[in-house]
Amino acid sequence: MPNRLANETSPYLQQHADNPVDWYPWGEEALRRARDEDRPILLSIGYSACHWCHVMAHESFEDPDVAAVMNRLFVNIKVDREERPDIDQIYQAAHQALTGRGGGWPLTMFLTPDQRPFFGGTYFPRSARYNLPGFGDLCVHVERVYRGQRAAIDVQNDQLQAALQRAQAAPAPGSEPQEAAIRRAIVELKQLFDREHGGLGAAPKFPHAAELEFCLRQGLAGRDGELGQLALLTLRQMARGGIHDQLGGGFARYSVDATWTIPHFEKMLYDNGPLLRLYAQAWQAAGEPRFVHVCEQAAAWLMREMQSPEGGYYSSLDADSEHEEGKFYVWVREEVHAALEPAAYELVARVHGLDGPPNFEGRHWHLRIERETDDVARELGLDSTAAARMLERAHATLFAWRERRVRPGRDEKILTAWNALAIDGMACAARIFGREDWLDSARRALAFVERAMWRDGRLLATFKDGRAHLNAYLDDHAFLLAALLEMLQAEFHPDRLRFAVELADVLIDRFEDKEAGGFFFTSHDHERLMSRPKSAYDNATPSGNGVATMSLQRLGHVTGETRFLQAAERSLLAFQGQLAAHPSAFCSLLLALQEQIQPPTLVILRGDADGMREWERALAAAPDPGRLVLSIPPGMAGLPATLDKPWSGGVNAWVCRGVTCKTSVSEASGLLASLREPAWAASSNGAEMA
């Protein structure tokens with residue numbers, strides 16, 4: 001008989017609806033029962049694409065004997081960390097404080113009825129192994145401790161609460177100039193890079209898109225060419241590796257090794273949106289064909305496998321199929337032989353390493369680029385162009401062959417924050433490469449978010465099966481605001497700007513720390529939880545505080561509304577001490593700081609669509625990450641004064657920074673010359689106030 005999870009929107013919770021465990025979703029019903037019966041809470045947090053979450057479910061939660069112990073001793077609560085990142089953040093931090101070790105998923109925490117954790121871990125096996133106790137025995141022991149050591153638990157809980165509060169408190173700002181934090185972040189990041197294989201740190205290796213964007217922008221802006229080259233090295237090596245799906249496009253969540261060869265095979269929407277943006281910017285920086293190919297594959301994957309009929313993007317693909325991690329993706333030689341003609345097999349084998357030992361579990365090959373196609377073509381006596389075409393056809397054949405396999409599961413809930421990251425990436429890449437189909441995909445997703453997730457001036461966090469619900473978080477608001485600004489650059493609509501302004505006002509009104517600056521992760525009217533995080537460090541996704549600060553700052557320059565600039569300034573001041581202490585952990589916020597020190601260049605184009613597109617192509621040939629380009633057709637009403645520039649035929653362009661705009665130009669060459677000039681003073685060069 002299904003438990004209480006059957007009617008939840010989360011596919012992860014629905015996966016546990018037939019467990020013999022008497023699961024509750026997080027909510028007042030479960031919390032009240034724990035209080036009324038003085039029962040400890042067993043809190044299990046995971047997500048549908050998580051391999052070890054599935055392992056623990058099969059071993060323990062589907063086992064009637066283990067379930068009986070859990071049901072007898074605890075109120076059991078199952079949480080999808082993707083729908084409830086607020087709960088996940090709190091208890092990951094608590095796990096770190098209690099154990100001194102980083103957390104992960106599944107997260108297994110034991111709480112008192114007032115939601116305070118007193119013991120926890122991650123994965124526990126059904127029977128004792130890996131130096132871990134068996135889960136059923138652990139449950140019995142933990143409940144016995146709860147009954148017999150309440151006074152000690154209360155003392156520990158008070159200490160934990162104090163530790164979490166100290167962790168949330170911002171260190172006092174230092175006296176050094178804020179630019180020093182940027183300089184020290186550059187030094188720290190250079191020390192972290194693997195200079196042979198790329199990436200930050202050793203295995204396991206994660207993409208770290210926020211950090212890579214910071215590094216790439218330092219190179220594009222001419223601030224630090226070495227750091228920009230390290231970012232490009234990383235992107236090249238990731239593109240060659242198995243973390244990149246060589247046949248179907250898109251990136252897995254992380255690599256288990258230093259060479260990006262074997263991934264943890266789940267594919268997350270939140271990685272692929274920012275990486276699409278990053279590879280498009282990398283192409284602008286280096287002009288390498290491989291970066292174009294990566295973008296084409298990633299965008300195709302997003303549209304083919306992740307976009308719902310309603311327009312929104314789904315959340316993730318599982319690592320597992322048929323209960324085996326990576327089974328959908330890996331190969332045996334005989335299968336590749338059977339799929340390809342002999343000449344094509346010989347080429348594929350040398351390019352992708354099938355002529356060497358297996359790289360996955362000693363018996364399978366996971367495709368990566370071991371040797372460049374041109375080098376292999378010379379060895380085989382092939383024309384390089386003909387070899388490239390042969391490899392492309394072979395990839396298409398292998399992709400079709402792979403499509404006949406049992407596919408990994410797909411989490412079809414639609415999350416506002418992750419959709420915003422994907423919209424941002426698709427719109428940025430569409431703008432850079434002039435791809436109308438990619439832009440149309442972003443349009444459809446944004447229209448879905450506006451239609452389904454924005455209700456009476458409030459944003460909702462998640463949607464599935466026709467139902468949108470849950471208070472949206474800081475990340476939802478911040479990432480969506482950034483996506484709107486990117487969409488305004490891809491194609492300008494006054495209604496889109498009005499939505500951005502309304503969303504920004506909601507963000508400030510409902511999330512800003514009115515006393516200290518910065519933004520809480522949950523809104524002021526959110527459910528009261530054990531703590532209320534306000535963090536600015538980047539994680540698997542960029543920091544909500546960093547993106548909010550950057551986006552508000554940019555919106556302030558676009559609209560001329562000082563309230564947005566002031567909120568951004570308060571946020572930077574709030575985290576000044578943390579930036580000084582460990583700057584490389586805050587790359588998203590550092591990008592906002594750089595644009596506070598040197599405001600972004602705003603280029604306003606007015607004219608007919610074809611003429612403006614020609615000017616946009618000219619601007620794309622001289623990329624600048626600190627530039628916003630808004631192409632506004634003449635006759636468009638409802639514009640703020642900053643954008644409502646007079647049109648005198650043809651194409652007119654204005655170059656603005658802060659509150660100052662140069663005199664308009666009517667030739668693309670004049671615009672490019674104007675952008676090459678050093679920063680100007682308001683009283684020179686015929687400047688006028690915006």
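Side-chain contact check for His51 and Asp320: at least one donor-acceptor pair (N or O, by modelled atom type) lies under 3.5 Å. Using modelled atom types and a 3.5 Å distance limit, the side chains of Ser321 and Tyr329 yield no donor-acceptor pair. Checked by atom type, the side-chain pair Thr549/Ser571 shows a donor-acceptor distance below 3.5 Å.
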Report task. Any chance you could lay out the side-chain hydrogen bond (donor to acceptor under 3.5 Å, both in side chains) test for Asp525 and Ser523, step after step, and finish with the verdict? Result -> CA-CA 5 Å; Asp525 58 353; Ser523 60; 2.7 Å; yes
Requested in this report: Run the numbers on His264 and Glu266 for side-chain hydrogen bond (donor to acceptor under 3.5 Å, both in side chains), then give the verdict.
Outcome: CA-CA 6 Å; His264 197 37; Glu266 66 214 49; 3.1 Å; yes
Query - Full working for side-chain hydrogen bond (donor to acceptor under 3.5 Å, both in side chains) between Tyr12 and Lys413 - result: CA-CA 10 Å; Tyr12 175 66; Lys413 70 177 178 291; over 6 Å; no
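The shortest side-chain heavy-atom distance between Gln15 and Asp80 does not fall under the 4.5 Å cut-off. Contact annotation: the side chain of Trp26 approaches that of Leu529 to within less than 4.5 Å [non-hydrogen atoms, C-beta and beyond]. Considering only heavy atoms from C-beta on, Phe206 stays 4.5 Å or farther from Ser255 through its side chain. Annotation: side chain of His95 is in contact with side chain of Leu107 (closest heavy-atom distance under 4.5 Å). Proximity of Phe520 to Pro533: side-chain heavy atoms (C-beta onward) are nowhere separated by under 4.5 Å. For the pair Pro40/Leu73, no side-chain contact is recorded, criterion being any heavy-atom separation below 4.5 Å from C-beta on. With contacts defined as side-chain heavy-atom distances shorter than 4.5 Å, the pair Asp505/Phe564 qualifies.
At a threshold of 4.0 Å, the pair Asp456-Arg458 does not count as salt-bridged, since none of the basic side-chain nitrogens sits closer than that to a carboxylate oxygen.
Ring planes of Tyr130 and Trp52: perpendicular class, angle over 60° (limits at 30 and 60°). Aromatic ring orientation, Phe110 versus Phe118: tilted (interplanar angle from 30° to 60°).
Just one of Asn76, Asn3, Val66, Leu42 meets the side-chain contact (heavy atoms from CB on, under 4.5 Å) condition when paired with Asn71; it is Asn76. When each of Val145, Leu138, Val140 is tested with Val142 by the rule side-chain contact (heavy atoms from CB on, under 4.5 Å), just one qualifies, namely Leu138.
In this structure, Arg81 is positioned above the aromatic face of Trp105, its NZ or CZ under 6.0 Å from the six-membered ring centre and within 45° of the axis. For the pair Lys464 and Tyr314, the cation-pi criterion (under 6.0 Å, within 45° of the ring axis) is not fulfilled.
What you find for Ser543 and Asp538 is that their closest heavy atoms are N-OD1, 2.8 Å. Across Ala417 and Asp476, no two heavy atoms sit closer than the pair N-OD1, 2.9 Å.
Taking the ring centroids of Tyr313 and Trp418, they lie at or beyond the 6.0 Å cut-off. Proximity of the aromatic rings of His524 and Phe511 is defined here by a centroid distance below 6.0 angstrom, and this criterion is not met.
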